Every structure is written in C-alpha cells, then in structure tokens.
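Here the structure comes first, spelled out in structure tokens, and everything after it is commentary.
These numbers were taken from a predicted model, which means no experiment stands behind them.
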Amino acid sequence: LPFDRRLAADDLAGSRAHVGMLASVGLLTADEAAAVLGALDTVEAELADGSFVFAASDEDIHTAVERRVTELAGPAGAKLHTGRSRNDQVATDLRLWTKRETRGVAARIHALQEVLVARAEAAGDTYLPGYTHLQRAQPVLLAHHLLAHVWTLARDVERFLAASDRADVSPLGAGALAGSSLPLDPDATAAALGFGARFDNSLDAVSDRDFVAEALFAASLLEIHLSRLGEEVVLWSSEEFGFVRLPDAYSTGSSMLPQKKNPDIAELARGKAGRVLGDLTGFLATLKGLPLAYNRDLQEDKEPLFDAVDTCALTLSALTGLMANLEFVDGAMRAAADVPTATATDLAEFLVDLVEHHGALGGGGHASVNHVAGADVRGCGVRFSEVSCFGLRGGFGTGGASNPFQGSQEPDLEKSMVTGDLNEALVEWIVQYRINDPKRYLFDIRRPEKTLRAASEAVMREVVGDR
C-alpha cells in the first residue's frame with residue numbers, strides 16, 4: 001500500500017470505465033451506476049485533499065478504493081468488482097501509469113536536448129580536443145561534441161516512446177486468468193481508457209510484465225548515457241582539464257577544504273546509473289522463473305519501476321540545469337587542442353592524395369605516409385590554431401587529382417619530410433580539404449544551424465505534441 005498509492009488516479013479511471021461497461025451490458029442499472037460513479041468521485045476528492053482514511057485491512061490501493069466505494073454506495077458499491085479480478089485490475093492500472101510516465105520522461109529528455117542544442121549554437125567556433133582512449137586525437141568543435149549527446153538522447157526518447165506504446169494494451173476483462181462468463185465488453189473499456197488495443201490472450205494479459213522490463217531497460221540505458229555526460233563534466237571541471245567552470249548553484253564546497261568546488265550533480269548522475277541498473281536486473285530475476293499465469297511475485301513490479309522513473313526524472317532535471325549554466329572555458333579548450341600533433345591525420349590524408357595522384361614519396365603506401373606524417377608534424381611545430389579555417393588567406397583546390405599548389409611553386413615534399421619544415425601551402429590545403437568536404441567531416445562548419453536543429457526537431461514534434 002505505501003507504494004501503490006501512486007496508482008490511485010489510474011485505479012479510479014479503470015473503475016469508472018468498468019462501471020460504464022457494466023451498465024452498458026445490463027449488469028448494473030442506471031441508478032446503481034450513478035451511485036457507484038458518485039462514490040468514486042468522492043473517493044477521488046478525499047484522496048486529493050488528504051481526508052481519505054485507510055483501514056488496517058486495506059491490502060493495497062485497489063482494495064482501499066473498493067472498500068470506501070462500498071461504504072458510500074452501499075450494495076451498489078459491492079458490485080464494482082463484478083466481472084473483474086484484482087489480477088486484470090492491477091495490470092490495467094500499471095499499464096495506464098507506465099503509458100503516461102514514460103512519455104513524461106521522454107519530454108524531460110527533450111528538455112535536456114534543447115539545452116544542449118542551445119549551448120551548441122552559442123559555442124560558435126570554439127574547438128577542443130576530441131578523445132579516443134582518453135588520449136587527444138583530433139580537434140573537434142565544441143558544438144559537434146555536445147550534439148553527440150543530443151543524438152544519444154534522441155535514441156533514449158525513441159525507447160521511452162516505444163515503452164509507452166508497448167504498455168498501450170488493455171488487459172481489463174481478462175479476469176483472474178480465463179476471462180468471465182458474464183457478457184463483458186473488453187473493447188469498450190479499452191476505448192474508454194484510451195488504450196490503442198485490448199488483450200488477445202487472457203493468460204498472457206494478467207501475467208505479462210514485458211512492458212515493465214522494457215521501461216526499466218530504457219531507464220537503465222538513459223541513466224548510463226546521463227552518467228557518461230556527468231563523467232565528462234567531472235573531468236572537464238578538474239584543474240587537469242579546466243574546460244568548464246561549475247555554477248555555484250550546481251556544485252558544493254568541502255567540509256574541510258575551502259578551495260574546493262565539487263561537481264556533486266555530475267557525480268550523482270554517475271551514481272544513480274547503478275541504482276537503476278539494479279532495478280532492471282532485480283526485476284528480470286523476479287520474472288525468470290514464473291509459470292503462467294499470475295503469481296504474487298509480480299507484486300514486485302512496482303517498486304523498481306517507480307524508483308527508476310523517479311530517478312530518471314530527478315537526474316534529468318538536475319543535469320538540464322547544470323548544462324544550461326555551465327561556463328565553457330574557450331581558452332583552455334583551444335589551448336589543449338592547439339598542439340602540433342593535432343593535424344597529423346589531415347597531413348597523412350593529404351600525403352595519401354599526393355602518393356595516389358602525383359606519385360610523391362615514390363608511391364610508398366599508407367603505412368609509410370603515416371610514419372612520415374607523424375614525424376613531420378611532431379617536428380614542424382605547426383599548431384591547429386595556425387591552420388584554422390577562420391584564418392585562411394586564400395584557397396586551394398580540394399578535389400582528388402587536382403594540384404593543390406596551382407599558381408605557386410610545388411614544395412619539395414621529400415626534403416620537407418627530412419627537415420620537418422611544413423610548407424604553408426600544404427597546411428592551408430589540409431584545412432581546405434577538411435572544412436570544405438562536409439561528407440568527410442560529418443558537419444558543415446559554415447552552416448551550423450542546419451545540423452544543430454536536425455538533431456532534435458523530429459523529437460520535438462512527437463513529444464511536445466503529446467504533452
């Protein structure tokens with residue numbers, strides 16, 4: 001009872017639909033139906049204002065509501081349970097709750113997406129190192145990095161919407177396990193409750209909790225993604241990185257160390273992931289040995305589901321506020337990316353082009369190109385900021401076999417590989433090739449608004465439209 005009180009509104013909705021159906025098939029008179037519906041209205045008001053008195057005999061919210069309805073409506077109230085088992089009643093209530101709450105989580109995810117898109121738009125040309133194996137790899141735009149999380153969250157939205165759809169089947173009318181000999185109308189109750197369909201098999205209807213497991217999986221994967229975002233904030237806010245400054249409202253001090261500003265919100269986002277993973281694995285263990293049909297073990301479905309949804313909502317709200325108020329330290333990001341090795345890959349690809357189309361380096365192949373490119377970049381001291389597209393003074397051809405040095409003297413590449421002296425024309429060609437070919441580099445730096453908005457507009461239409 002302390003847990004399933006949250007199903008009260010859904011239990012009242014299911015009971016109203018059931019009463020309407022009983023009246024339509026002649027199992028309740030109009031006066032009886034009116035008395036029971038009036039009693040349900042009273043119960044709803046009492047629950048809302050806190051005056052509802054639970055009895056020691058109330059096993060759960062369902063028996064509490066039926067007891068009070070019988071007290072208020074008399075013999076008519078006792079007919080509320082006609083043709084209905086607690087098995088199909090509980091399953092109906094939980095499906096209604098899951099349908100609604102999973103879409104609510106999807107809306108919260110989208111709110112975080114909107115913040116990340118806004119921060120990406122505002123980031124402009126700020127760049128930082130992209131990492132593989134937590135080692136600096138290639139410079140990327142901060143906008144590009146933030147949008148990677150937007151795309152990840154888009155998949156989470158899809159999973160929560162799918163979980164809502166999976167719950168969108170009414171089990172009301174399945175009874176304890178084999179339906180009823182009474183002339184019930186499951187299609188009518190399904191329609192009255194807004195379900196997209198009604199059950200096909202009564203045994204499956206009362207014992208199916210796949211929709212709970214799938215909602216828990218969606219929650220677990222979401223929390224893992226939020227944990228990864230939190231971990232980046234933890235790293236970036238450390239003095240070793242210094243990429244972000246934490247807002248006071250989303251950080252804490254130390255009880256002993258006055259200089260500390262701790263990323264508690266981000267750390268809790270990491271920690272909460274383990275909790276929700278536990279909800280999922282514990283519930284799957286509950287399901288694994290159950291024979292058909294209903295078993296009391298299924299009473300363990302609510303606590304993990306409620307906890308996971310609550311945790312997701314809390315984590316999303318906290319991270320949305322944190323990401324909206326973080327201060328990105330442009331200078332620190334640029335300085336970390338502004339190292340001679342940053343253009344090594346671009347140089348290697350440029351040399352491949354020369355090897356393939358101009359016979360440079362004696363056609364030495366990709367392995368030798370990577371070797372000389374790495375040595376040359378390490379030796380030349382050219383920094384990423386010096387080859388930035390925003391500082392270009394002119395352009396060179398970018399395609400295939402075209403000569404990148406048209407109108408100027410072609411450099412002695414083999415000599416430059418030995419001396420470590422990188423020709424300025426080669427550097428500018430690298431940048432032109434990288435920036436002017438969006439298919440290679442995945443986004444077009446000159447038109448960011450198109451790519452940024454594409455990441456979330458489809459989600460926005462679906463989720464916002466269903467709020």
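Salt-bridge annotation for Glu66 and Arg86: absent, with no side-chain N of the basic residue lying under 4.0 Å from a carboxylate O of the acidic one. Ion pairing between a basic and an acidic side chain is recognised when a charged N comes within 4.0 Å of a carboxylate O; Asp41 and Arg16 show such pairing. Here Arg209 pairs with Asp301 in a salt bridge; the nearest charged N to carboxylate O distance falls below 4.0 Å. With respect to the salt-bridge test (charged N to carboxylate O, under 4.0 angstrom), the residues Glu71 and Arg67 qualify. Contact check on Arg334 versus Asp125 returns a salt bridge, with a Lys/Arg side-chain nitrogen under 4.0 Å from an Asp/Glu carboxylate oxygen.
Residues Val140 and Leu128 are in side-chain contact: their nearest non-hydrogen atoms beyond the backbone lie under 4.5 Å apart. Residues Lys261 and Ser237 form no side-chain contact, since every pair of their non-hydrogen atoms from C-beta on lies 4.5 Å or further apart. Annotation: side chain of His62 is in contact with side chain of Asp4 (closest heavy-atom distance under 4.5 Å). Side chains of Thr189 and Leu184 form no contact here, defined as non-hydrogen atoms less than 4.5 Å apart. For the pair Leu226/Leu112, a side-chain contact is recorded, criterion being any heavy-atom separation below 4.5 Å from C-beta on. Contact of the Phe243 side chain with the Val329 side chain is not registered, since no non-hydrogen atoms from C-beta on lie closer than 4.5 Å. Residues Val244 and Glu327 form no side-chain contact, since every pair of their non-hydrogen atoms from C-beta on lies 4.5 Å or further apart. Inter-residue side-chain proximity for Val150 and Glu114 is flagged as unmet; no heavy-atom pair is nearer than 4.5 Å.
Considering CZ of Arg68 and OG1 of Thr42, their distance stands at 7.5 Å, rounded to 0.5 Å. Atom-to-atom distance recorded for Leu305:CG and Phe3:CZ is 13.0 Å, nearest 0.5 angstrom.
Counting only distance, with no hydrogens or angles, the side chain of Ser164 and the backbone of Phe160 share no donor-acceptor pair below 3.5 Å. Between the side chain of Asp60 and the main chain of Thr63, a donor-acceptor pair closer than 3.5 Å is present. Looking at Lys272, its side chain never comes within 3.5 Å of a backbone N or O of Leu314 through a donor-acceptor pair. Panel note: side chain Asp208, backbone Asp210; a donor-acceptor pair is recorded below 3.5 Å. Using a distance-only test at 3.5 Å, with no hydrogens or angles considered, no donor-acceptor pair links the side chain of Glu46 to the main chain of Ser51. Listed for the Asp58 side chain is a donor-acceptor partner under 3.5 Å among the backbone atoms of Ala55. Side-chain N or O atoms of Ser227 include none that pairs as donor or acceptor with a backbone N or O of Glu223 at under 3.5 Å. Judged purely by atom type and a 3.5 angstrom limit, Asn295 uses its side chain to pair as donor or acceptor with the backbone of Ala293. Side-chain atoms of Asp185 do not come within 3.5 Å of backbone N or O of Met21 as any donor-acceptor pair. A donor-acceptor pair is defined here as one N or O able to donate and one able to accept, closer than 3.5 Å; no such pair exists between the side chain of Thr315 and the backbone of Cys312.
Judged by the 6.0 Å and 45° rule, Arg5 forms a cation-pi pair with Phe54.
When all heavy atoms of Leu216 and Pro304 are compared, the pair lying nearest together is CD2-O, 3.5 Å. Here the shortest heavy-atom pairing between Glu267 and Val234 reads CG-CG2, 3.8 Å. Here the closest non-hydrogen pair linking Ala219 and Ala308 is CB-CB, 4.0 Å. The heavy-atom pair separating Val43 from Leu72 by the smallest distance is CG2-CD1, 4.1 Å. Closest approach of Arg6 and Asp10 over heavy atoms only: O-OD2, 4.3 Å. Pairing each heavy atom of Asn87 with each of Ala176, the nearest pair is ND2-O, 2.9 Å.
Side-chain atoms of Asp297 and Thr286 form no donor-acceptor pair, as typed in the model, at a separation below 3.5 Å. Counting only N and O atoms by type, the side chains of Ser170 and Arg95 include no donor and acceptor under 3.5 Å apart. Side-chain contact annotation: Gln89 with His18, donor-acceptor N/O pair under 3.5 Å absent.
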Q.
Run the side chain to side chain contact (heavy atoms under 4.5 Å, CB included) test on Leu246 and Leu326 for me, step by step, so that the C-alpha distance in whole Å, both residues' side-chain angles and the decisive distance to 0.1 Å come before the verdict.
A. CA-CA 6 Å; Leu246 297 169; Leu326 270 182; 3.8 Å; yes
Q: Please test Asp11 against Thr92 for side chain to side chain contact (heavy atoms under 4.5 Å, CB included), starting from the C-alpha separation and ending with a verdict.
A: CA-CA 8 Å; Asp11 194 73; Thr92 300; over 6 Å; no
Q: Could you go through the side chain to side chain contact (heavy atoms under 4.5 Å, CB included) check for Leu292 and Asp204 one step at a time?
A: CA-CA 8 Å; Leu292 289 174; Asp204 179 61; 5.8 Å; no
Q | Check against side chain to side chain contact (heavy atoms under 4.5 Å, CB included), Leu147 and Leu116 | A | CA-CA 7 Å; Leu147 287 177; Leu116 292 173; over 6 Å; no
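Ring geometry for Phe328 against Trp236 counts as perpendicular: the plane angle is over 60°, on a 0 to 90° scale with 30° as the lower cut.
With a 6.0 Å radius and a threshold of 12 heavy atoms from other residues, nucleotides or ligands, Arg166 has its CZ atom at or below the threshold. Enclosure of atom CZ in Arg228 is not indicated, since only 12 or fewer non-hydrogen atoms of other residues, nucleotides or ligands lie within 6.0 angstrom.
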